[in-house]
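Note that the numbering runs from 1 along the sequence shown for the chain. What you see is a predicted model, and the numbers here were worked out from it, not measured in a lab.
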Amino acid sequence: MTQLDETRSSAADVPGDVLSSFDPATGDVVGTHPVHTAAEVEAALTRARAASGWWAGLGFEGRAEVLDQWRGVIARRTAQLVDVVHRETGKPHGDAQLEVALAIDHLAWVSKHAQKTLGRSRVSPGLLMANQAASVEYLPLGVVGVIGPWNYPVFTPMGSIAYALGAGNTVIFKPSELTPGVGTWLADSLREVSPDHDLLQVVTGYGDTGAALCRAGVDKIAFTGSTATGKRVMAACAERLTPVVIEAGGKDAMLVDHDADIAAAADAAAWGAFSNAGQTCTGIERVYVHEQVADAFLEALTRRARDVHAGSDAEAQYGPMTMPSQLDVVRRHVGDALERGGRALVGGAEAVGDRFVQPTVLVDVPEDSEAVCEETFGPTVTVRRVRSMDEAVELANAGRYGLGSSVFSAERGEELARRLRTGMTSVNAVIAFAAVPGLPFGGVGDSGFGRIHGPDGLREFTFAKAVTRTRFKPPMNLTSFERTPQQDTTVATMLLALHGRATQLPKLPRRPLRALRTRRSRGGER
Ligand code: NAD
């Protein structure tokens, strides 16, 4: 480790006035940024509040126009942004470009769908309140704080920033201390489109700056990062009852059934496990493969893994570990797996270098080892043979994380997907769910809660506003002291007529409710 690396890995513990970002492949300084104090975060909040009224008042169409212009700026300058991402994370330019493309896709989706998702819609008032016009709409919270990680420094925070802005909030973004240049680039590019309004401000710094944002009094925090930090974020937010969405770590499993396309499964497992040096929250870290096809799968996966290498040369498929301290985690997990009877079919202990980790495929690793239970966040994967897909589902669901998963199966893909306790599953693919803007993204268990992306992601940054309006004087005014005993009797009669038979329904398992309703609507059995 160079002196720079040492500074970098310990920097998070020693906040100063400035913060430097480094190229993880070389240790060279990429840029220097301020470490924003709590007072500066509060000042940013004051500015964001001042802008939020104007932004909310623009309405869906006005906001879509600004977001579309921003999308255009990013698209025209993609090469510039890609270069900053490449230098601060070490990932190849092609991978950086892919994440920018996906982020732009989300911005486009938000512009197009915000009004339909959040705008006012009528709701049936029901029989008892038939004289009311009822409606619901989703209003902006005000100012949203976004705290982001370094592994996808454009795509991941954009999953919160675009949706928070589209819903009518202004945003204060605290990028990772490893990628402050990327965060600053994003805010600067939106300022070009809207120079007079603080729609998206960046506060740079370490964990203390993030904690200050949690305590500042923003209207919501959207946090993406590790589970451990997520708990600290929640604790800080609790002080002011600031709501949070937590997008935390994962330990995603892939299930390979006996009838799966083995070549496709092996290729997807390799990409899911090794791309971005395994530094993907929804990366594949465990595979459960049916014993009938395990040999063929392992043969294909190891062949694929031997073709892939980490480096900073033009042929390298992925780059260095972005955060040097993560090398210790990978080393520990691989070491634990090997000490406890595991075998490395590709890579192993010697694959973990000073900056780069070569692909590692582990087998015979105990299910209670760190390599299986904890997030490794490196280019390693464990593969275990199972007797049945029931066993695979049980093992996949045994962990504390529940972010994403993948199933390869010709016949039972969607059925198995539904049985996996993860927020998202791709069938006969990996990580495809993250690239579909209309789908919710998020996990369960230690992977967090709340959703970004899609309609759920837009609503996450709003509050539901219910409104009723009296349309005419009701024949019975039930919400008045003028209500008479005779009206109470009428309500009792209605209640019985409408709901009384509900308790006399036949037993559900023999006659599913849906079938019963269909029969009733056709005027059949009553
Ligand atoms: P991290 O938890 O170390 O840091 C995330 C962010 O939190 C950084 O900006 C950091 O400065 C800030 N922070 C640190 N301490 C804080 C505190 N006390 N209060 C407020 N903010 C604080 O995570 P990381 O190393 O940047 O990212 C890697 C992790 O992120 C992995 O666990 C990965 O799985 C996860 N991740 C999850 C998703 C997802 O969508 N679920 C996406 C990408 C990454």
If you measure from CD1 on Ile147 to OG1 on Thr224, what distance do you get to the nearest 0.5 Å? 9.0 Å

Is it the case that the side chains of Asp390 and Ser388 hold a donor-acceptor pair, with the cut-off being a distance below 3.5 Å and no angle test? no

Mind running side chain to side chain contact (heavy atoms under 4.5 Å, CB included) on Trp109 and Leu458 for me, showing each step along the way? CA-CA 11 Å; Trp109 191 92; Leu458 278 167; 3.7 Å; yes

I'd like to know if Asp368 pairs up with Arg340 as an ion pair, taking the criterion as any Lys NZ or Arg NE/NH1/NH2 lying under 4.0 Å from an Asp or Glu carboxylate oxygen. yes

Is Glu192 atom CD crowded by more than 12 heavy atoms from other residues, nucleotides or ligands, each under 6.0 Å away? yes

Ignoring hydrogens, what is the shortest heavy-atom contact between Asp257 and Arg412? Give both atom names and the distance. OD2-CD, 4.0 Å

Does the pair Thr209 and Val41 meet the rule for a side chain to side chain contact (heavy atoms under 4.5 Å, CB included), with working shown? CA-CA 8 Å; Thr209 306; Val41 170; 4.0 Å; yes

Tell me, yes or no, whether the heavy-atom count around Glu370 atom CD, taken from other residues, nucleotides or ligands under 6.0 Å, exceeds 12. yes

Among Thr376, Asp328, Thr382, which one satisfies side chain to side chain donor-acceptor pair (under 3.5 Å) with His333? Thr376

For His453, which residues count as a ring-ring contact (aromatic ring centres under 6.0 Å, His included) partner, sequence neighbours excluded? His106, Phe155, Tyr163, Phe441

Kindly state each residue pair satisfying ring-ring contact (aromatic ring centres under 6.0 Å, His included) with at least one member in residues 265-296, sequence neighbours excluded. His258-His290

Does any N or O in the side chain of Asn397 come within less than 3.5 Å of the main-chain N or O of Arg421, such that one atom is a donor and the other an acceptor? yes

For Trp150, check ring-ring contact (aromatic ring centres under 6.0 Å, His included) against everything at least two apart and list the hits. Phe377

What distance separates Ile262 CD1 from Gln292 CD, expressed to the nearest 0.5 Å? 10.5 Å

Please tell me if the side chains of Val35 and Asp17 come closer than 4.5 Å, counting only heavy atoms from C-beta onward. no

Search all heavy atoms of Lys220 against all heavy atoms of Val245 and return the closest pair with its distance. CE-N, 4.1 Å

So, taking the atom named CG in Asn151 and the one named NZ in Lys91, what distance separates them when rounded to the nearest 0.5 Å? 6.5 Å

Where Ala305 and Pro359 come nearest, the two heavy atoms and their spacing: O-CG, 3.7 Å

Can you name the closest pair of heavy atoms from Arg87 and Val30 and give their distance? O-CG2, 3.6 Å

Checking Val66 against Leu190 for the side chain to side chain contact (heavy atoms under 4.5 Å, CB included) test, could you report, in this order, the C-alpha distance in whole Å, the side-chain angles of both residues, the deciding distance, and whether it holds? CA-CA 9 Å; Val66 174; Leu190 178 53; 4.2 Å; yes

For Glu414, does the CD atom have more than 12 heavy-atom neighbours from other residues, nucleotides or ligands under 6.0 Å away? no

Ser447 side chain to Gly249 backbone, donor-acceptor under 3.5 Å: yes

For Arg385 and Asp295 the tightest heavy-atom approach is NH2-OD1, 2.6 Å

Under 3.5 Å donor-acceptor, Lys251 side chain and Ala371 backbone: yes

Could you list the donor-acceptor pairs under 3.5 angstrom formed by side chains in residues 428-436, with sequence neighbours left out?
unit_1 : atom_1 : unit_2 : atom_2 : d
Asn428 : OD1    : Ser409 : N      : 3.0
Asn428 : ND2    : Ser409 : O      : 3.3

Would a distance-only check, ignoring hydrogens and angles, find a side-chain to backbone donor-acceptor pair under 3.5 Å from Tyr318 to Val357? yes

Quick one: are Ser160 and Phe223 in side-chain contact, heavy atoms under 4.5 Å? no

Pairing of Asp68 and Arg71 as salt bridge, 4.0 angstrom limit: yes

May I have all residue pairs that pass salt bridge (charged side-chain N to carboxylate O under 4.0 Å, His left out) and include part of residues 393-409, sequence neighbours excluded? Glu374-Arg400, Arg400-Asp446

Testing the basics here: between Thr117 and Arg459, what is the closest heavy-atom pair and its distance to 0.1 Å? O-NH2, 3.6 Å

So, taking the atom named CG in Leu200 and the one named CD1 in Ile172, what distance separates them when rounded to the nearest 0.5 Å? 9.5 Å

Do Thr360 side-chain atoms and Gln358 backbone N/O form a donor-acceptor pair below 3.5 Å? yes

Given Leu403 and Thr422, is the side chain to side chain contact (heavy atoms under 4.5 Å, CB included) satisfied, shown in steps? CA-CA 5 Å; Leu403 192 55; Thr422 59; over 6 Å; no

Reference residue Val346; test side-chain contact (heavy atoms from CB on, under 4.5 Å); the match among Leu301, Leu298, Val361, Val308: Val361

Spacing of Thr227 atom OG1 and Glu375 atom CD [to the nearest 0.5 Å]: 6.5 Å

OG1 of Thr322 to OH of Tyr152: how many Å apart, nearest 0.5 Å? 9.5 Å

Are any of the side-chain nitrogens in Lys174 or Glu177 under 4.0 Å away from the carboxylate oxygens of its partner? yes

Verify, without hydrogens or angle tests, whether Glu460 (side chain) and Ile452 (backbone) share a donor-acceptor contact under 3.5 angstrom. no

Without swapping roles, check the side chain of Glu88 against the backbone of Val182 for a donor-acceptor pair under 3.5 Å. yes

Taking side chain as C-beta onward, heavy atoms only, is Val287 less than 4.5 Å from Phe408? no

Using the ring-ring contact (aromatic ring centres under 6.0 Å, His included) criterion, which residues pair with His93? Sequence neighbours excluded. His86

